[in-house]
J.: 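Following this message is one structure expressed as structure tokens.
For clarity, every value in this text was computed on a predicted model and none was experimentally measured. Below, each value reflects all heavy atoms present in this structure, side chains not excepted, and no hydrogens, waters or symmetry copies.
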Amino acid sequence: MNIDIEKLKRLQKFSKTLKVLYVEDNKEARESTYETLSEFFDNITIAIDGKDGLEKFKESKFDIVITDINMPKMNGIDMIRTIREEDQSIPILIISAYSESGYFIETIKLGVEGYLLKPIDLKQFINMISKTIEKIKMVKEIKEYQQNLEGVNIKLNKDLKEQIYKDQLTGLNNRFKLEKDIYNNQNNYIALYIIDINNFRKINEAYGFEKGNDILFNISQKIQQYADNNKFDLYKISADEFVLLKSYDEYDLESVHNSTQSILDNLDNKKLYLVDIDEEILLNITIGLAFDKDDLLTKASSALDLAKVKNKKYLLFDENDDYYEELQNLFHWQKEIKKALDKDNIIPFFQPIFDKNKNIVKYEVLMRLRKEEDREIKHISPFFFLDISIKTKQYDQLSYRVISKALDMAKNNKDNIFSINIGYRDMINQDIKELIRDYVTNSSLNKQPCNLVFEIVESEDIEDYNTIKDFFESFTCTGLKVAIDDFGSGYSNFSHILEIMPEYLKIDGSLIKDIDTNQNMFTLTKAIISFAKQLGIKTIAEYVHSSEIFEILKKEGVDEYQGFYLGEPS
């Protein structure tokens, strides 16, 4: 969610009055984060470990606690647990390099306001701090209202209190009314659904802030109608998030799931007609759900975040669910990828490809993430992080980095041929297209053949094969060749192969690895080889891991071979 600049300035002005306890044992991290915190706060007390932090908390009154987890003498979790025994309401934020699920779940149970991974992403940091300050500001305003209301007649008192709990734009109950209602229903099971309006920022950009508010009001009315018809309480808790709330006498998970589906059926992917601009917009939502007796809002927010990461319409929070372990895994690799990009530790490996006489004919370029762990250098396969990089929007940087380095290697080794993986995402990436175009153009100007093979990485997201054809037709260079990678792995369409007419088919390793013991795999591989020969296309076999498999493929007429039996990546 973007932060409004004027709103941010007002929050900064208010934050200067707040007193912060900042607990961090690492001097370098402490100084760096202190500098950022100083943009918001004037009164910051430093503690160098959990024990020191707890002593200073007991000595003075603070508005916010910001802490690391892994510290000497007393760790952050134990410190927070002790603080919560004395103060249940003080906002606590965690800034830590630790992303293990155990810590994540424990902080939720302790009612932590926010959890930010190191190294700090400035936008996420500002967003977390701003939300916390805004909540403190509202709580203080409520207290001021309550103090000012003393001595005023009962009706006026009631009217003013209602304003405290209302969203000014929609008239709906707000976050503070939600928290009060949850507190008053502690004896019941409560289903809390956070409804996020997908891409509402784009609606604001398209129609302007004023029209965006009108649209948000219309959306609130549609949700209100559903809430009234289905006996939900409705709240608006942020710019583009609503909450539906319902209490249950017993733990009825089936009813909760049925209600979630009903919400999606009635609100998701629905057209909303806007009378004043005579247009329709499509309403798309994502739901984070918690069904429990405590920490409902925090748990539902976590479920919503994970639903977005996994591209699901809704998720129910379950601290024992593998999804949350996956979320921690995503956070871990997001951090590792960023660190590798910053330190230029995304590097190409080269695996040789051989002919039937075991002569090297080319090299396939493979991505590796270089990482130092326990004083040992490790090179991590993209198997562990490439899919995650797509979800974290880091894939384009990774692909550009390794293709750029591969082209540099090809430029300086014209006597060798290099085979580079190109996915559909790469073909529509203008930066990568320009990178390749520069290389191809320089080769043509120097009257040198292109020593490149582009391997099309097949995937389910390839919907437009004309894009693939246009991509390769835009590069005119003698010697430039095309291969279809992982052929036979499940998505291949033979008619599209005829349209592209590559020079090579790389038979997928899942077929090759067992052809000496699996007759079905042998039969399918043999059919692919025959199909390719009839079209004049050469075949390359991957995963050649033994002499037996090499001899079988050689007998069937495979043209080129790749695998650990012949040569490993280096």
J.: A quick test of your reading: do over 12 heavy atoms of other residues, nucleotides or ligands sit less than 6.0 Å from CD of E28?
T.: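 Atom CD in E28 is not packed in, count stays at 12 or less.
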J.: Quick check on side-chain hydrogen bond (donor to acceptor under 3.5 Å, both in side chains): which of D196, N198, T286 does K308 satisfy it with?
T.: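 Result: among D196, N198, T286, D196 is the only option passing the side-chain hydrogen bond (donor to acceptor under 3.5 Å, both in side chains) with K308.
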J.: Ion pair present between R30 and D68, side-chain N to carboxylate O less than 4.0 angstrom?
T.: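 Between D68 and R30 there is no salt bridge, as every charged N stays at least 4.0 Å from the carboxylate O atoms.
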J.: Report the relative orientation of the aromatic rings in W333 and F385; use parallel for angles under 30°, tilted for 30 to 60°, perpendicular for over 60°.
T.: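 Ring orientation of W333 relative to F385: tilted.
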J.: Could K358 and Y561 be counted as a cation-pi pair, given that NZ or CZ must be under 6.0 Å from the ring centre and within 45° of the axis?
T.: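 Pair K358/Y561 does not count as cation-pi.
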J.: If you apply the rule side-chain contact (heavy atoms from CB on, under 4.5 Å), what do you find for V544 with L553, and how did you get there?
T.: CA-CA 9 Å; V544 180; L553 295 169; 3.8 Å; yes
J.: Can you confirm whether more than 12 heavy atoms, excluding those of K414, are under 6.0 Å from its NZ atom?
T.: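 More than 12 heavy atoms, drawn from other residues, nucleotides or ligands, come within 6.0 Å of this atom.
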J.: Please list all pairs meeting disulfide bond (SG atoms under 2.5 Å apart) that have one or both residues in residues 414-457, counting only residues at least two apart or in different chains.
T.: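 Qualifying pairs: C450-C477.
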J.: Is it true that a side-chain atom of N442 and a backbone atom of Y439 form a donor plus acceptor pair closer than 3.5 Å?
T.: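 No; zero donor-acceptor contacts below 3.5 Å.
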J.: Would you call K506 and D486 a salt bridge, using N to O less than 4.0 angstrom?
T.: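 Salt bridge between K506 and D486, a charged N being under 4.0 Å from a carboxylate O: no.
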J.: Under 4.0 Å between a Lys/Arg side-chain N and an Asp/Glu carboxylate O for K356 and D559?
T.: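 Salt bridge: no.
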J.: Could you give the distance from CD1 (I129) to CG (L93), rounded to the nearest 0.5 Å?
T.: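 Going from CD1 on I129 over to CG on L93, the span is 5.0 Å.
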J.: What's the verdict on side-chain contact (heavy atoms from CB on, under 4.5 Å) for Q562 and L566, showing C-alpha distance, side-chain angles and the deciding distance?
T.: CA-CA 7 Å; Q562 181 179 0; L566 298 166; over 6 Å; no
J.: Taking N451 for its side chain and A410 for its backbone only, find out whether a donor-acceptor pair lies under 3.5 Å.
T.: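 Side chain of N451 to backbone of A410, a donor-acceptor pair under 3.5 Å: yes, one is there.
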J.: Between D344 and K405, does any NZ, NE, NH1 or NH2 come within less than 4.0 Å of an OD or OE carboxylate oxygen?
T.: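 Counted as a salt bridge, because a side-chain N and a carboxylate O are separated by less than 4.0 Å.
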J.: Stepwise, does the side-chain hydrogen bond (donor to acceptor under 3.5 Å, both in side chains) test hold for Y504 with D485?
T.: CA-CA 9 Å; Y504 301 97; D485 195 16; over 6 Å; no
J.: Strictly under 6.0 Å, is that where the ring centroids of F350 and F418 end up?
T.: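 Yes: the rings meet the under 6.0 Å criterion.
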J.: Could you tell me whether K371 and E336 have a side-chain N and a carboxylate O separated by less than 4.0 Å?
T.: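 Yes, K371 and E336 are salt-bridged.
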J.: Does E560 pair with K362 as a salt bridge, N-O distance under 4.0 Å?
T.: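 Looking at E560 and K362, the cut-off is met.
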J.: Does NZ belonging to K533 count more than 12 external heavy atoms closer than 6.0 Å?
T.: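 Counting other residues, nucleotides and ligands, NZ of K533 exceeds 12 neighbours.
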J.: Testing the basics here: between D426 and N421, what is the closest heavy-atom pair and its distance to 0.1 Å?
T.: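 Scanning both residues, the minimum pair turns out to be OD2-O, 4.3 Å.
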J.: Closer than 3.5 angstrom, by distance alone: can the side chain of D355 be matched with the main-chain N or O of N359 as a donor-acceptor pair?
T.: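 Indeed, once roles are kept as given, a pair shorter than 3.5 Å links the two residues.
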J.: Indicate yes or no for a side-chain donor-acceptor contact from E241 to the backbone of I195 under 3.5 Å, with no hydrogens or angles considered.
T.: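 Answer holds: no.
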